[in-house]
Enquirer: 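Before we start, here is the structure in question, set down as structure tokens.
In each ligand, atom 1 is the first atom listed, and ligand 1 is the first ligand listed. All values below come from the heavy atoms of this structure, side chains included, with hydrogens, waters and symmetry mates left out.
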Amino acid sequence: SLFYSILMLSLNCSRSERIKSMFYHAYNSYLDNAFPYDELRPLTCDGQDTWGSFSLTLIDALDTLLVLGNQTEFQRVASILQDTVDFDIDVNASVFETNIRVVGGLLSAHLLAGRAGMELEPGWPCSGPLLRMAAEAARRLIPAFQTPTGMPYGTVNLLHGVSPTETPVTCTAGVGTFILEFATLSRLTGDPTFEDVARRALTALWKTRSDIGLVGNHIDVLSKKWVAQDAGIGAGVDSYFEYLVKGAILLQDEELLNMFHAYDAAIQNYTRFDDWYLWVQMHKGTVSMPIFQSLEAFWPGLQSLLGNLDSAVRTFQNYYSVWRQFGGLPEFYSIPQGYTVDKREGYPLRPELIESAMYLFRATGDHTYLQLGLDALESIEKVSRTPCGYASVKDLRDHQLDNRMESFFLAETIKYLYLLFDPTHFLHGGGMEGDGSWEEGGEGGQCVLGAGGFIFNTEAHPLDPAALYCCSRHSKERQELRDALLSLSHPKKKAGSQSKPADERAGEPPQSQSESIALKPGEKKTLPTLSCPVQPFSARLSVLGQVFSDNS
Ligand code: DMJ
């Protein structure tokens, strides 16, 4: 009824205001006490560098400012970042984290700059200062991909490239979580390098799947040997699957979707029990860890993007029951025991369950998902709020806190919460629905932007498929013109014949051998230690006293 709709609208409005005030409490505190460090320390009220030295929280939070409607602060911060952030630094950075948070954050800010009322240079969205910054950051990551397999190292020095002592062992997500940002870069700028390396890594990873169609958790990027052989959908793997689905949607790429479907069939067959997903040995399919990890809570949302609503809804219910038990999602939850796992009782303010709630509410309209949003709002306020921000929960059983507020709290958790309660937000897409659903861009306003919805990268940074299409079209037209002119001056040279598609190059040596840090004859091999963007997987496995290593 009309009364009910008005009531819901006003309730959602007051929730939106509460979420905004949460954001500003944390954001202002970061600016006042932690900037230019990467993160705020909410208990000691100061800052620290964590994933590099790039004022990470500010980059990660930039597009959230616009999501909350704050154009002026978006403009101010965008120009501060242009003036202050320098990637020419002697810092060892995670290739994965720098990509999803820094490259992803800058790309989405670039794509939203028009809506933020920024002065746009001619040619936007195919050029612009934030796009150049994103490309600069990504260029610093490229040396990591120069391995014989094309799979990247986990860490790269932004100034010197990959250290000769760097471990070649990285996690699956660290290999397969680039296609969204790198293809966006390539298609906006016309430089194919980024998309090529991301595709080469994806192809190489695909070829390493086991006979039963599963991938493990950590791989040696030089030898292609699986070092940790647990297959599942959580830590170390999660966003690989996410990027196959979202890459397929963003790029209209059937090959990526087919890869996902093949994995999904094996995942459903071997790892799903009562709509929970367990960890299994990648070659045998036998259960290795009957555990739910909080990172896995993105899965129902991903399934809903594919239209698999029934199973998504049931899995969400399982995960929501864990949230209700603890007022948050513990990092690990033992399914048979129905309880947290030793040393993994924390909740570092992660977004995944809220993210799934947002997708499922959009898909079903069921108010269960709003209820989860309310629960999250209440418990984060009650347990995590400090005078100086919001603190990660060290232990959900006694509400001890950690002196850490990860940048994804402002980039993802708050953003998804806000979007959950604002179903007509322009980021939900849907043509005429919502305020400012689309805008004009490109040279001479020839592109319609935003009308096809947005795809969120794994750090909740929205990317616009229409911008990719628009800029590819322009660069194709320019290329055709160049080729036509070239063929007039060099009639024999066949235009466009110089580069092979990335998948045909899979398995070939890296293009730039001089920059490769692959072992050369006579060089000493360092023992592989595990390297993962989240936490060493060995540590998590040792919780159960089970480490699967390949001795064959
Ligand atoms: C974020 O950095 C990303 O969502 C990533 O995919 C997983 N970990 C955090 C949030 O939990």
Enquirer: Going by the atom numbers of ligand 1, which of them fall below 4.0 Å from some non-hydrogen atom of Phe408?
Expert: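 Near Phe408, meaning under 4.0 Å from one of its heavy atoms, ligand 1 has 1 (C), 2 (O), 9 (C), 10 (C).
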Enquirer: Side chain or backbone of Glu242 under 4.0 Å from ligand 1, or both, or neither, by non-hydrogen atoms?
Expert: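 No part of Glu242 is near ligand 1 at this cut-off.
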Enquirer: Under 3.5 Å, N or O to N or O, is Glu412 touching ligand 1 that way?
Expert: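 Yes; the residue has a nitrogen or oxygen that sits under 3.5 Å from a nitrogen or oxygen of the ligand.
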Enquirer: What part of Thr177, side chain from CB on, backbone N/CA/C/O, both or neither, has a heavy atom under 4.0 Å from ligand 1?
Expert: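 It is neither; nothing of Thr177 touches ligand 1.
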Enquirer: Please confirm whether Arg324 makes a cation-pi placement over Phe326, using NZ or CZ under 6.0 Å from the six-membered ring centre and within 45° of the ring normal.
Expert: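 Not satisfied by the 6.0 Å and 45° rule.
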Enquirer: What atoms in ligand 1 come closer than 4.0 Å to a heavy atom of Pro351?
Expert: 10 (C), 11 (O)
Enquirer: If the plane angle is over 60° it's perpendicular, under 30° parallel, otherwise tilted; pick one for Tyr359 and Tyr416.
Expert: tilted
Enquirer: Going by the side chain to side chain contact (heavy atoms under 4.5 Å, CB included) test, name the single residue among Gln293, Glu345, Arg344 that passes it with Glu331.
Expert: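 Considering Gln293, Glu345, Arg344, a side chain to side chain contact (heavy atoms under 4.5 Å, CB included) with Glu331 is found only for Arg344.
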Enquirer: Ignoring hydrogens, just give me the one of Arg350, Arg101, Glu459, Glu97 whose non-hydrogen atom is nearest atom 1 (C) of ligand 1.
Expert: Glu459
Enquirer: Find out whether the Lys NZ or Arg CZ of Arg200 is both under 6.0 angstrom from the six-membered ring centre of Phe145 and within 45° of the ring's axis.
Expert: no
Enquirer: Please work out whether the ring planes of Phe316 and Tyr369 are parallel, tilted or perpendicular, with thresholds of 30° and 60°.
Expert: perpendicular
Enquirer: Can you say whether the rings of Tyr263 and Trp206 are parallel (under 30°), tilted (30 to 60°) or perpendicular (over 60°)?
Expert: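 Aromatic pair Tyr263/Trp206 classed perpendicular.
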Enquirer: Under a 4.0 angstrom heavy-atom cut-off, which atoms of ligand 1 come close to Leu295?
Expert: 7 (C), 8 (N), 11 (O)
Enquirer: Does Glu406 reach ligand 1, in the sense of a heavy atom lying below 4.0 Å from it?
Expert: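 Outside the 4.0 Å threshold, so no.
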